2 protein chains.
Amino acid sequence: MATDAIRAALIKRLRTSSGISDEDAGEIEALPIAVRHFPAEKPVVRDGERATDCCLIAEGFCARSKTIPNGKRQILSIHIPGEIPDLMSLFLHVMDHDLSTLTPATLGFISHDTLRSLHRRNPNVAEMFWRDTLVDAAMFREWIVNVGQRPAPARLAHVMVELRERLKLIGQIDGTSFDMPLTQEQIGEALGITAVHANRVIKQLRLEGIVELQRGRVTVLDDRKLLELADFDGRYLHQSPVL
Amino acid sequence: MATDAIRAALIKRLRTSSGISDEDAGEIEALPIAVRHFPAEKPVVRDGERATDCCLIAEGFCARSKTIPNGKRQILSIHIPGEIPDLMSLFLHVMDHDLSTLTPATLGFISHDTLRSLHRRNPNVAEMFWRDTLVDAAMFREWIVNVGQRPAPARLAHVMVELRERLKLIGQIDGTSFDMPLTQEQIGEALGITAVHANRVIKQLRLEGIVELQRGRVTVLDDRKLLELADFDGRYLHQSPVL
DNA sequence: CTGCGGTTCCAACAAAAGTTAAGGACGTTG
DNA sequence: CAACGTCCTTAACTTTTGTTGGAACCGCAG
């Protein structure tokens with residue numbers, strides 16, 4: 001199994017976001033990783049569970065979500081290869097939300113013990129991972145703004161543009177289209193609207209010639225209109241090297 | 001100036017959340033802190049600025065927020081004494097949101113350099129602070145759920161209960177009432193609704209005999225009803241000592 | 001005390017989003 | 001290829017929330 005390819009995705013991401021050194025990259029190369037394959041729509045860790053590993057996405061999409069007692073679900077973030085969506089479990093031992101796959105996925109598990117001892121040995125790496133969790137938090141902040149202040153069509157546009165920007169970094173964009181493997185139900189859960197309303201909004205963006213969305217794939221028809229609608233300022237992604 | 005009292009609030013919080021040792025507490029006691037007083041409604045750090053210090057709240061309330069181009073503002077979190085609302089600026093150098101006071105406040109500034117060298121010297125403390133930023137992120141996740149999935153009255157109830165739970169830790173509750181120094185405009189900005197609607201919702205909770213809210217002070221009239229409405233599960237606050 | 005600015009409060013109306021229900025498209029499986 | 005399930009689509013109707021505009025209240029400065 002190409003566990004090297006898995007690490008490569010992570011290192012590539014860290015390199016653009018934190019300016020990792022070759023030496024530190026080496027440390028990460030050496031991390032023992034247990035690879036597992038998951039089908040689509042499978043929980044990886046559940047709310048309330050106590051995690052012992054962190055999971056690096058090698059292939060496929062994942063999402064984090066919370067479900068409230070009345071059964072409603074809110075999607076908190078969408079994750080792509082190279083990301084470690086549950087890095088927070090290293091210090092927040094019991095999960096306060098769910099992590100599950102959206103598509104069939106290949107995940108690499110790294111034990112908390114391994115990560116902790118790497119941190120103690122190499123504070124540079126610790127700070128890089130710390131920074132990673134801070135960017136995660138920055139994305140949550142923007143997600144709050146999205147759900148709290150933008151009208152539904154802008155919310156959808158914003159999520160699309162954010163996802164596109166992140167996919168760009170790992171070269172997963174194909175011309176004007178990219179994967180966004182959510183059902184309309186899930187889009188609703190991400191935007192804080194119902195599936196019926198999500199459908200209305202998707203239809204509207206299609207009729208206005210902004211984006212086409214079918215079977216989990218987005219095709220941008222009018223980039224200018226999309227960006228304007230999305231009200232997107234990517235600073236919160238903190239993608240430029242630390243300085 | 002009682003800068004000792006300032007540190008005490010922080011250490012108390014870290015003690016309950018992470019189980020800090022006396023030795024590590026000593027390190028924090030020794031941190032050089034520059035105390036400044038702020039009037040109400042004053043920016044502390046602004047979106048886009050490059051921070052060089054972190055700020056510890058000694059007295060008063062602060063809030064973090066983001067403003068989007070159309071002028072709408074979203075409040076992301078409310079902060080109370082003992083918290084370091086901009087700890088994230090240590091590694092995310094340019095701010096992606098605003099931090100400002102809600103009330104007159106006393107803030108203690110600790111330079112990034114000082115904090116970074118403390119981290120290098122003492123990984124325990126680093127991990128504690130890291131954990132602190134992770135709890136911060138956990139609160140954002142719950143805030144997303146609040147704004148995305150709950151009807152407006154439940155949103156208000158939830159914010160109130162969360163604030164109460166956190167004020168409890170620092171002993172700032174007086175019987176059934178506590179401070180929540182937000183105008184109705186700001187409550188709207190926190191809940192993702194308009195000020196007019198915030199007013200409607202506040203009125204409703206008052207008429208239903210759940211809470212009274214006047215001049216920045218909440219008085220709980222029916223605790224059971226409030227908790228039920230708020231749909232509150234405090235696990236996300238991760239208040240119990242580590243594991 | 002008087003007037004001022006910022007809140008709070010409210011009503012009437014408009015728009016956005018939720019609910020319910022049902023038909024159609026599509027892919028999978030027996 | 002028939003049958004089933006999942007997802008998408010739409011319509012009609014209800015509820016929630018936003019908008020506009022204005023009155024009452026309150027603390028404070030002159």
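In the text below, chain A, chain B and the rest are named by the order of the sequence lines, each starting its count at 1. None of the values given here were measured: they were computed from a predicted structure. Heavy atoms only: backbone and side chains are in, while hydrogens, waters and symmetry mates are out.
- With sequence neighbours excluded, the residues satisfying salt bridge (Lys or Arg N to Asp or Glu O under 4.0 Å) with A/Asp179 are A/Arg217.
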Next on the checklist: How would you summarise protein contacts on nucleotides 23-30 of chain C per nucleotide, using B for base, S for sugar-phosphate only and - for none, with heavy-atom distances below 4.0 Å?
Outcome noted: --------
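- Applying the side-chain contact (heavy atoms from CB on, under 4.5 Å) test to A/Ala51 and every residue at least two apart in sequence or in another chain returns A/Val45, A/Ser89, A/His112.
- One end of the helix from C/dC1-D/dG30 to C/dG30-D/dC1 points its axis 30° away from the other end's axis, with each axis taken from 5 pairs and the angle rounded to 10°.
- Once you apply a 4.0 Å limit to the heavy atoms of chain B, the touched nucleotides of DNA chain D run 5' to 3' over D/dT17 to D/dT20.
- With sequence neighbours excluded, no residue satisfies side-chain contact (heavy atoms from CB on, under 4.5 Å) with A/Ala9.
- Residues satisfying the side-chain contact (heavy atoms from CB on, under 4.5 Å) criterion with A/Asp222, sequence neighbours excluded, are A/Arg224, A/Lys225.
- Partners of B/Asp132 by salt bridge (Lys or Arg N to Asp or Glu O under 4.0 Å), not counting sequence neighbours, listed by chain and number: B/Arg13.
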Give every pair of a protein N or O atom and an N or O atom of nucleotides 15-20 of chain C that lie under 3.5 Å apart, one pair per line with the distance.
unit_1: C/dA17; atom_1: OP1; unit_2: A/Ala152; atom_2: N; d: 3.4
unit_1: C/dA17; atom_1: OP2; unit_2: A/His197; atom_2: NE2; d: 2.9
unit_1: C/dA17; atom_1: O5'; unit_2: A/His197; atom_2: NE2; d: 3.3
unit_1: C/dG18; atom_1: OP2; unit_2: A/Thr194; atom_2: N; d: 3.0
unit_1: C/dG18; atom_1: OP2; unit_2: A/Thr194; atom_2: OG1; d: 3.3
unit_1: C/dG18; atom_1: N7; unit_2: A/Arg200; atom_2: NH2; d: 2.7
unit_1: C/dG18; atom_1: O6; unit_2: A/Arg200; atom_2: NH1; d: 3.4

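- Legend: residues meeting salt bridge (Lys or Arg N to Asp or Glu O under 4.0 Å) with B/Glu185, ordered by chain and number and at least two apart, are absent.
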Let me have the donor-acceptor pairs involving side chains of residues 56-69 of chain B, under 3.5 Å, with sequence neighbours excluded, atom names and distances please.
unit_1: B/Arg64; atom_1: NE; unit_2: B/Ser77; atom_2: OG; d: 3.4
unit_1: B/Arg64; atom_1: NE; unit_2: B/His79; atom_2: NE2; d: 3.1
unit_1: B/Arg64; atom_1: NE; unit_2: B/Pro85; atom_2: O; d: 3.3
unit_1: B/Arg64; atom_1: NH1; unit_2: B/Pro85; atom_2: O; d: 3.0
unit_1: B/Arg64; atom_1: NH1; unit_2: B/His97; atom_2: NE2; d: 3.3
unit_1: B/Arg64; atom_1: NH2; unit_2: B/Asp136; atom_2: OD1; d: 2.7
unit_1: B/Arg64; atom_1: NH2; unit_2: B/Asp136; atom_2: OD2; d: 2.4
unit_1: B/Ser65; atom_1: OG; unit_2: B/Arg73; atom_2: NH1; d: 3.4
unit_1: B/Lys66; atom_1: NZ; unit_2: A/Glu142; atom_2: OE1; d: 2.6
unit_1: B/Lys66; atom_1: NZ; unit_2: B/Asp96; atom_2: O; d: 3.4

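- Shown here are the side-chain contact (heavy atoms from CB on, under 4.5 Å) partners of A/Val196, two or more places apart in sequence or in another chain: A/Thr194, A/Arg200.
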